[in-house]
Amino acid sequence: MTDKRITDHPVLGPAPGERLTLWVDDQEIEARSTDTVAGALWANGTTTLRRSRSGQPRGLYCGIGHCFECRVTIDGEPGKRACLMTVRQGMRVETGTEA
Ligand code: FES
């Protein structure tokens with residue numbers, strides 16, 4: 001996966017947070033300890049977080065926990081809202097599941 005993060009903003013400075021790794025669909029990605037799961041996935045190029053029952057791709061929409069479009073499976077627990085969950089070292093995330 002590709003890191004699309006701005007690592008050193010000309011006004012805001014370097015990206016905050018410690019570097020850590022998590023697993024997304026069995027691929028290792030890098031994140032920052034200040035990232036939400038959704039933010040880490042977007043920074044690494046994953047925008048489809050789940051599929052609707054008809055197979056349509058779904059992803060980040062409201063970003064504040066209201067729409068439930070960003071549900072993923074985290075450490076084996078389905079239905080977690082990626083926009084509300086902060087990443088942890090070694091976290092396992094599954095995307096693309098029907099929900
Ligand atoms: S993007 Fe709406 S609940 Fe996560």
Side-chain angles (χ1 to χ4, degrees):
M1 293 189 187
T2 309
D3 188 356
K4 297 185 179 209
R5 183 183 317 274
I6 298 170
T7 57
D8 194 11
H9 191 276
V11 175
L12 301 175
E18 298 172 32
R19 292 176 189 263
L20 51 81
T21 57
L22 58 150
W23 295 86
V24 178
D25 301 328
D26 295 323
Q27 287 191 318
E28 188 176 352
I29 69 166
E30 184 176 287
R32 297 280 183 158
S33 58
T34 51
D35 285 346
T36 61
V37 171
L41 292 173
W42 269 69
N44 283 277
T46 300
T47 55
T48 298
L49 303 181
R50 68 178 186 93
R51 298 269 171 190
S52 68
R53 291 196 174 135
S54 63
Q56 296 297 308
R58 298 292 193 214
L60 196 61
Y61 184 63
C62 73
I64 56 173
H66 287 259
C67 72
F68 288 71
E69 291 292 347
C70 63
R71 286 171 287 165
V72 295
T73 299
I74 297 177
D75 292 333
E77 286 190 56
K80 295 292 185 184
R81 285 171 283 178
C83 69
L84 297 181
M85 303 290 294
T86 304
V87 297
R88 293 185 314 270
Q89 175 64 33
M91 177 184 267
R92 290 200 166 267
V93 179
E94 294 169 51
T95 67
T97 54
E98 182 182 297

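In listed order, ligands and their atoms are each counted from 1. These numbers were taken from a predicted model, which means no experiment stands behind them.
Residue, atom and distance of the protein heavy atom nearest to atom 4 (Fe) of ligand 1 are Cys70 SG, 2.2 Å. Nearest non-hydrogen protein atom to atom 1 (S) of ligand 1 is Gly63 N, 3.2 Å.
Within ligand 1, counting atoms from 1 as listed, the ones closer than 4.0 Å to a heavy atom of Cys67 are 1 (S), 2 (Fe), 3 (S). Annotation for ligand 1: atoms under 4.0 Å from non-hydrogen atoms of Leu60 are 1 (S). Less than 4.0 angstrom separates some heavy atom of Phe68 from each of these atoms of ligand 1: 2 (Fe), 3 (S). Residue His66 has at least one heavy-atom neighbour below 4.0 Å for each of these atoms of ligand 1: 3 (S). Near Tyr61, the atoms of ligand 1 lying under 4.0 angstrom from a non-hydrogen atom of the residue are 1 (S).
Asp75 has no carboxylate O lying under 4.0 Å from a charged side-chain N of Lys80, or vice versa, which leaves the two without a salt bridge. For Arg50 and Glu69, the salt-bridge test passes: some basic side-chain N is under 4.0 Å from an acidic carboxylate O.
Scanning both residues, Arg88 and Leu22, for their nearest heavy atoms gives O-CB, 4.3 Å. Annotation for Leu49 and Cys70: closest pair CD1-CB, 3.6 Å, computed over non-hydrogen atoms.
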- Task: Show your reasoning for whether side chain to side chain contact (heavy atoms under 4.5 Å, CB included) applies to Met85 and Val87.
- Result: CA-CA 6 Å; Met85 303 290 294; Val87 297; over 6 Å; no
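The local environment of CD1 in Ile6 is sparse, with at most 12 non-hydrogen atoms from other residues, nucleotides or ligands closer than 6.0 Å. For CG of Asp8, the number of neighbouring non-hydrogen atoms (other residues, nucleotides, ligands) closer than 6.0 Å is greater than 12.
At a cut-off of 2.8 Å, Cys62 coordinates atom 2 (Fe) of ligand 1 through an N, O or S atom. Note on Cys83: not counted as a metal contact of atom 2 (Fe) of ligand 1, no N/O/S atom lying under 2.8 Å.
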